[in-house]
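In what follows, a single structure is set out as structure tokens and then discussed.
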Amino acid sequence: MTVNSRPGRPVILGQNQYGKAENRVVKITRDGATHHIKDLNVSVALSGDMEDVHYSGSNAHVLPTDTTKNTVFAFAKEHGIESAEQFGIHLARHFVTSQEPIQRARIRIEEYAWERIATSEANSQFIGADEVKHSFVRKGQETRLTQITYDGSSWEVVSGLKDLTVMNSTNSEFWGYVKDKYTTLQEAHDRILATSVSGRWRFNWTDDEQKMPHWEKSYEQVKKHMLQAFAETYSLSLQQTMYQMGARIINHRSEIDEVRFSLPNKHHFLVDLEPFGLKNDNEVYFAADRPYGLIEATILRDGCEPRIPVDLTNL
């Protein structure tokens, strides 16, 4: 069988990439008796001069995906994990600068947070007070995210989070909407507003000449402003609340130019208790997980162009 470098048909290769997905790496940093944990899920995607491997099967330009996996674990030791963003930057720079055929690297990282278990003083008298310094419980609030893309000259860093569930038990209304013959929803002047936040924000750090953001501080501050906006907005719609969340981030964090949210409206419906002779005064609700309203938007710094893919937040 003859293998041609290109098929003799009017077919060409489009966008392509390859790499190792979901490398689960846990790095323990031992600072004396005090330990620190970084728990990441790292996915590597590489692209560049890869036509031959698709057309003829030649692997001459292919760095094995097993090698990319090994690099993730080796870099956890060699460079440590200061932050998900910094770790991804180390990886992306390495793949693009060390392998000539590779022209672009995209690193996606999920970070799972842990917090220390506080032990009682009485118990620590018997087992040692240092126990609290290396015992942890997995946090369940949200998963931290970042995506680093590097093409050898410029960077794009898009960080974010998912599965951050929030609720306002009042100070939310929904009325004055369009009604047609299929509308059955009753207007609400006092309702529960709940959502599970999936958000991404794009940094304006794009090259090595710029001062790099403090990634850990930035994440904590973005989350703080996001939550404060959610709590402090008297909401007439989830769209209004979402815009305020994004605007608060843009206004307070100069390193961020774009924010995109995907907010499923976690509906809470008042239960009809009248058949049981009971009055339900906004006290008992049925929490419906499906179907749900899905509200999405991008909030930008004035003068900036949107670059976060519109489907990135709800994949």
Side-chain angles (χ1 to χ4, degrees), residues 13-27 38-55 58-112 143-162 200-213 215-216 218-219 255-258 260 305-309 311-313 315:
L13 177 67
Q15 191 278 340
N16 63 90
Q17 61 191 36
Y18 79 103
K20 207 73 160 182
E22 300 202 25
N23 300 279
R24 290 286 281 107
V25 55
V26 177
K27 174 67 166 63
K38 281 291 187 179
D39 186 352
L40 307 182
N41 189 12
V42 182
S43 293
V44 177
L46 308 175
S47 56
D49 183 6
M50 297 292 163
E51 288 192 351
D52 282 350
V53 68
H54 290 86
Y55 290 138
S58 170
N59 292 311
H61 288 177
V62 175
L63 182 72
T65 64
D66 189 67
T67 303
T68 67
K69 175 203 70 176
N70 293 340
T71 305
V72 170
F73 290 103
F75 270 40
K77 170 62 178 178
E78 293 179 29
H79 298 282
I81 303 176
E82 177 184 323
S83 66
E85 288 84 356
Q86 187 65 64
F87 190 62
I89 288 168
H90 282 309
L91 287 168
R93 190 191 306 275
H94 166 78
F95 289 124
V96 171
T97 59
S98 67
Q99 303 292 327
E100 185 176 348
I102 296 173
Q103 299 162 1
R104 184 175 182 270
R106 188 200 69 197
I107 313 297
R108 283 183 174 173
I109 300 177
E110 295 184 349
E111 178 176 347
Y112 313 116
T143 299
R144 180 174 169 178
L145 308 167
T146 193
Q147 175 176 293
I148 295 93
T149 306
Y150 183 54
D151 63 5
S153 60
S154 63
W155 297 92
E156 182 182 79
V157 180
V158 177
S159 293
L161 55 78
K162 66 178 180 179
R200 303 290 191 280
W201 44 91
R202 179 173 57 83
F203 292 88
N204 49 39
W205 179 79
T206 58
D207 65 70
D208 290 317
E209 299 302 315
Q210 295 175 266
K211 182 180 178 180
M212 189 179 294
W215 305 113
E216 297 291 274
S218 180
Y219 179 82
E255 73 273 23
I256 293 169
D257 281 350
E258 178 184 4
R260 181 162 180 83
E305 295 293 325
R307 297 187 61 181
I308 300 175
D311 61 351
L312 183 63
T313 48
L315 293 178

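Numbering of residues begins at 1 and proceeds along the displayed sequence.
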Within this structure, what is the CD1-OH distance for the pair I89 and Y150, rounded to the nearest 0.5 Å?
10.5 Å
Under the salt bridge (charged side-chain N to carboxylate O under 4.0 Å, His left out) test, residues paired with E216 that sit two or more places apart
K38, R144
CG (N204) and CD (E255) are apart, to the nearest 0.5 Å, by 7.5 Å
Side-chain contact test, heavy atoms from C-beta onward, threshold under 4.5 Å: evaluate it for S83 versus Y219 and give yes or no.
no
Using side-chain heavy atoms (C-beta onward) and a distance below 4.5 Å, is W201 in contact with L161?
yes
Apply the side chain to side chain contact (heavy atoms under 4.5 Å, CB included) test between R202 and each candidate in V157, I256, I308; give the one that qualifies.
I308
Considering all heavy atoms of both residues, which atom of A84 and which atom of I109 are nearest to each other, and what is their separation?
O-CD1, 3.3 Å
Tightest non-hydrogen contact, residues A105 and L46, listed as CB-CD2, 3.8 Å
So, using ring-ring contact (aromatic ring centres under 6.0 Å, His included) as the criterion, who are the partners of F87 when residues are at least two apart?
none
List, one per line, each side-chain donor-acceptor pair under 3.5 Å for residues 90-98, sequence neighbours excluded.
residue	atom	partner	partner atom	Å
R93	NH1	D208	OD2	2.9
R93	NH2	D208	OD1	3.1
T97	OG1	R93	O	2.6
S98	OG	H94	O	2.6

Qualifying residues under salt bridge (charged side-chain N to carboxylate O under 4.0 Å, His left out), relative to K69, sequence neighbours excluded:
D66
Do D207 side-chain atoms and Q210 backbone N/O form a donor-acceptor pair below 3.5 Å?
yes
H61 side-chain N/O to P101 backbone N/O, donor-acceptor pair under 3.5 Å
no
Can you give each donor-acceptor pair under 3.5 Å made by side-chain atoms of residues 17-25, sequence neighbours left out, with the distance rounded to 0.1 Å?
residue	atom	partner	partner atom	Å
Q17	OE1	Q15	NE2	3.0
Y18	OH	L63	N	2.8
Y18	OH	L63	O	2.9
K20	NZ	T65	OG1	3.4
E22	OE1	N41	ND2	3.4
N23	ND2	K20	O	3.2
N23	ND2	V42	O	2.9
R24	NH1	D39	OD1	2.5
R24	NH1	L40	O	3.1
R24	NH2	D39	OD1	3.3

Check whether any side-chain heavy atom of K162 sits under 4.5 Å from a side-chain heavy atom of E110, and report yes or no.
yes
Over all atoms of both residues, closest heavy-atom pair of M50 and H54
O-ND1, 2.8 Å
If the test is side chain to side chain donor-acceptor pair (under 3.5 Å), which one of E85, E111, R200 qualifies with S159?
E85
Return the set of residues passing salt bridge (charged side-chain N to carboxylate O under 4.0 Å, His left out) with R104 (not counting sequence neighbours), or none when no residue passes.
none
Which atom pair, heavy atoms only, marks the closest approach of M212 to Q86?
SD-OE1, 3.1 Å
Would you say T149 and D151 are linked by a side-chain donor-acceptor pair, where the criterion is simply a distance under 3.5 Å?
no
Heavy atoms only: give me the nearest P213-F203 pair and the separation to one decimal.
CG-CD2, 4.1 Å
